[in-house]
Trainee: 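The following block contains the structure, expressed as structure tokens.
Below, all heavy atoms of this structure are taken into account, side chains as well, without hydrogens, waters or symmetry copies.
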Protein chains: 2
Amino acid sequence: MSDRLPTLAVVGATGAVGTVMLDILSTRENVWGEIRLVASPRSAGRRLTVRGEEVEVQALAPEVFDGVDVAMFDVPDEVSKEWAPIAAAHGAVAVDNSGAFRMDPDVPLVVPEVNAEKTRDRPRGIISNPNCTTLSMIVALGALHREYGLSELVVASYQAASGAGQEGIDTLRDQIEKAAGDRTLGERAGDVRAAVGELGPFPAPLAMNVVPWAGSLKDGGWSSEELKVRNESRKILGLPDLRVSATCVRVPVITTHALAVHATFEREVDASAARELLAAAPGVVVQDDPANAEFPTPADVVGTDPTWVGRIRRSIDDPRSLDLFLCGDNLRKGAALNTAQIAEVVAREFTGS
Amino acid sequence: MSDRLPTLAVVGATGAVGTVMLDILSTRENVWGEIRLVASPRSAGRRLTVRGEEVEVQALAPEVFDGVDVAMFDVPDEVSKEWAPIAAAHGAVAVDNSGAFRMDPDVPLVVPEVNAEKTRDRPRGIISNPNCTTLSMIVALGALHREYGLSELVVASYQAASGAGQEGIDTLRDQIEKAAGDRTLGERAGDVRAAVGELGPFPAPLAMNVVPWAGSLKDGGWSSEELKVRNESRKILGLPDLRVSATCVRVPVITTHALAVHATFEREVDASAARELLAAAPGVVVQDDPANAEFPTPADVVGTDPTWVGRIRRSIDDPRSLDLFLCGDNLRKGAALNTAQIAEVVAREFTGS
């Protein structure tokens, strides 16, 4: 252990999540010495601002990892798959936000509020950041699990367009503009589809609609997104037998995922006690006073760091179940922020703080 | 029993559901003799078209029910509460689409595909039509229940603006127009709220947002809409001990409710068998081929009569559970169509057909 501030590399600095990452690195407590910005060769040479200073973007190459202690990856799966092991071979701890390594038994899947201790158990030198949908709920569920012992989750998602990247955002904005003029749309089958034009990354119109699909098709009719919610929740919570059913649905919201969660526990629950427990949990804000129209909504939560929880109810017919509505910014806690938090946990190994 | 075609009164003929009702009466097989249109005194004298003929609207008064065999009510709860018993006292069978009588033990709650036989059991001369959210799923669930024996439902809704009436539709259209111009909206907390202006009948902005609230606040933090899903499902299916948890969420869709349903049964289920069973059920259409982007969405379902079902999956961790995504037009099957179907069942008592 030394007093040297560790060197950080941000790989994918020019992307949607990378852009949020530079903002996060500029506003959180500074634990880093040098910060290197890395991107594809076509972005090399661009100058981006981080911590108030302009930094030139370097092209991704093995030698950019020389002397790097922690390398964050906000890039597509196939780029991470190739380059995170190269960073690790150069001695960096790779913190990866792609899906490439999440279910690898030799790669920990970390949410610092839930399982920070797993960062040290990294035989491949790689730590994975969970999928944004899982991250939108897991901090709150982790706090409830510690108290009541989670046994089953039924999840329905209300996922934002930005989960499909900048193309998702642009497509939804284009569709809303095309749909906005016509005050008869949405009352006859297919007229929204005819009006909105390009579907972009979505399999159906998203403006004035909801689309029950995200990701790719897997066995049994499940989407890859739904299986991620199941498999990643099990791994993060250390519950390999947790029963999970998720239905993932895209909604016409720019950024911030919401989820309706029916959680069943080993012990009986109490809504007031659960509310207090969540209010005291790090990274969670409770907003739950429907008499005064107080509950989280994506438009009010976007751009903030915590997981917001409201509509906390004990199931009428099962004293061991809670029903909740949660919101989390899928680009912040759902991606860049959690990656930064994992990297900060690793940074403490260098500074001893 | 006579061969006389029965006389029908449509009370609330000028409202949002009443307008759909006149369209439905004009397109379904004609089982009615005279059709009388009734509304509040301020709408009296207007001439509306039904079955291709202009009919003058009469003001609601006891004598409009003289000689009426069936009276449909598409009016607010308090109007039904006062006037459905008056219609019944005049010898009409009142078919009521309000919430006034749904949980009255002396009033049957009927979905013809599920429990048509209950129409005869009407000691008060009143038959109730269920809430639109319950109706969006109950035909499909009734078919599954007959085969597998339903034991628990976990429901998350994606409810359209028109569930809050014409004011809901107008508010959402206004908000979409105000939000459409600005290509930065939805990335900072509160900017959508500032942009969209009037909230209308909703407790938060609906454009570019989702709002986890519908109805009024009840004990335990539940909304009235969520309790309707529970209590009406139990009554229609004849399952007083059915476990039900619902989270009702408004989405920026004009018309057609969608629901993600996790249904648990007494017996093991099979997704292929469930798909075939639903495809054969009256009033249900299966659209379930995600590899070809085939699943129901509100924009493609609006204006149609059936309950559309897709994303039919057996839960990975529980062989007795199915996960489904359903869509139903909340103004048609969810309101006017089901009322018309109940009235037609009663009409057969007169014609003997």
Trainee: Is B:Ser245 close to A:Asp317 at the side-chain level, that is, under 4.5 Å between some pair of heavy atoms?
Mentor: no
Trainee: For residues A:Leu185 and B:Ile254, determine if any side-chain heavy atom of one lies less than 4.5 Å from a side-chain heavy atom of the other.
Mentor: no
Trainee: At a 4.5 Å cut-off on heavy atoms, which part of A:Ile176 comes close to chain B: side chain, backbone, both, or neither?
Mentor: both
Trainee: Should B:Asp300 and A:Arg188 count as an ion pair when the cut-off is N to O under 4.0 Å?
Mentor: no
Trainee: When rounded to the nearest 0.5 angstrom, what distance separates OG in B:Ser315 from CZ in A:Arg243?
Mentor: 8.5 Å
Trainee: Between B:Arg311 (side chain) and A:Gly221 (backbone), is there a donor-acceptor pair under 3.5 Å?
Mentor: yes
Trainee: Would you mind checking which part of B:Ile316 comes under 4.5 Å of any heavy atom in chain A, side chain (CB onward), backbone (N, CA, C, O), both or neither?
Mentor: both
Trainee: Need one label for B:Leu227: side chain, backbone, both or neither, based on atoms under 4.5 Å from any heavy atom in chain A.
Mentor: side chain
Trainee: Quick one: OG1 on A:Thr297 to CG on B:Leu206, what's the gap to the nearest 0.5 Å?
Mentor: 10.0 Å
Trainee: Which atoms of B:Val302 are under 4.5 Å from chain A, going by heavy atoms: the side chain, the backbone, both sets, or neither?
Mentor: both
Trainee: Using heavy-atom distances under 4.5 Å, tell me whether B:Thr264 contacts chain A through its side chain, its backbone, both, or neither.
Mentor: neither
Trainee: Using modelled atom types and a 3.5 Å cut-off, is there a donor and acceptor pairing between side-chain atoms of B:Arg173 and backbone atoms of A:Arg183?
Mentor: yes
Trainee: At a heavy-atom distance under 4.5 Å, which candidate from A:Val249, A:Asp288, A:Asp170 has the highest pair count against chain B?
Mentor: A:Val249
Trainee: So what's closer than 4.5 Å to chain A heavy atoms on B:Ala291: side chain, backbone, both or neither?
Mentor: both
Trainee: Quick one: which of B:Pro252, B:Gly190, B:Pro296 has the most heavy-atom pairs under 4.5 Å with chain A, could you say?
Mentor: B:Pro252
Trainee: I need the contact set between residues 255-263 of chain A and chain B: heavy-atom distance under 4.5 Å, sorted by residue number.
Mentor: A:Thr255, A:Ala258, A:Ala260, A:His262
Trainee: Between A:Arg313, A:Glu187, A:Glu177, which residue shows the highest count of heavy-atom pairs closer than 4.5 Å to chain B?
Mentor: A:Arg313
Trainee: Who among A:Thr304, A:Val244, A:Val155, A:Val192 has the most heavy-atom pairs with chain B under 4.5 Å?
Mentor: A:Val244
Trainee: Is chain B contacted by the side chain of A:Ala207, its backbone, both, or neither, given a heavy-atom distance below 4.5 Å?
Mentor: neither
Trainee: From B:Trp213 CH2 over to A:Glu294 CD, what is the distance, rounded to the nearest 0.5 angstrom?
Mentor: 12.5 Å
Trainee: Tell me which of these, B:Thr184, B:Ile312, B:Leu172, has more heavy-atom pairs under 4.5 Å with chain A than the rest.
Mentor: B:Thr184
Trainee: Would you name the heavy atoms of A:Tyr158 and B:Thr247 that are closest together and state the gap between them?
Mentor: OH-O, 4.4 Å
Trainee: Out of B:Glu152, B:Arg193, B:Lys178, B:Arg230, return the one with the most heavy atom pairs under 4.5 angstrom to chain A.
Mentor: B:Arg230
Trainee: Counting heavy atoms not belonging to A:Glu198, are there more than 12 under 6.0 Å from its CD?
Mentor: no
Trainee: Tell me, do B:Phe295 and A:Pro203 make a side-chain contact under 4.5 Å, heavy atoms counted?
Mentor: yes
Trainee: Whether the side chain of A:Asn209 engages the backbone of B:Ala299 through a donor-acceptor N/O pair (distance < 3.5 Å, no angle test) should be reported.
Mentor: yes
Trainee: Heavy-atom pairs under 4.5 Å with chain A - which of B:Ala293, B:Gly310, B:Pro290 has more of them than the others?
Mentor: B:Pro290
Trainee: Quick check for you: among B:Pro212, B:Pro298, B:Gly220, which has the greatest number of heavy-atom pairs under 4.5 Å with chain A?
Mentor: B:Pro212
Trainee: Quick check on A:Asp241 against chain B: is it the side chain, the backbone, both or neither that has a heavy atom closer than 4.5 Å?
Mentor: neither
Trainee: Select all residues of residues 323-333 of chain A having any heavy atom within less than 4.5 Å of some heavy atom of chain B, and report them by number, or 'none'.
Mentor: A:Asp323, A:Phe325
Trainee: Checking B:Ala161 against chain A: side chain, backbone, both or neither under 4.5 Å from a heavy atom?
Mentor: neither
Trainee: Examine whether an atom of B:Val210 lies under 4.5 Å from a heavy atom of chain A, and if so say whether it belongs to the side chain, the backbone or both; otherwise answer neither.
Mentor: both
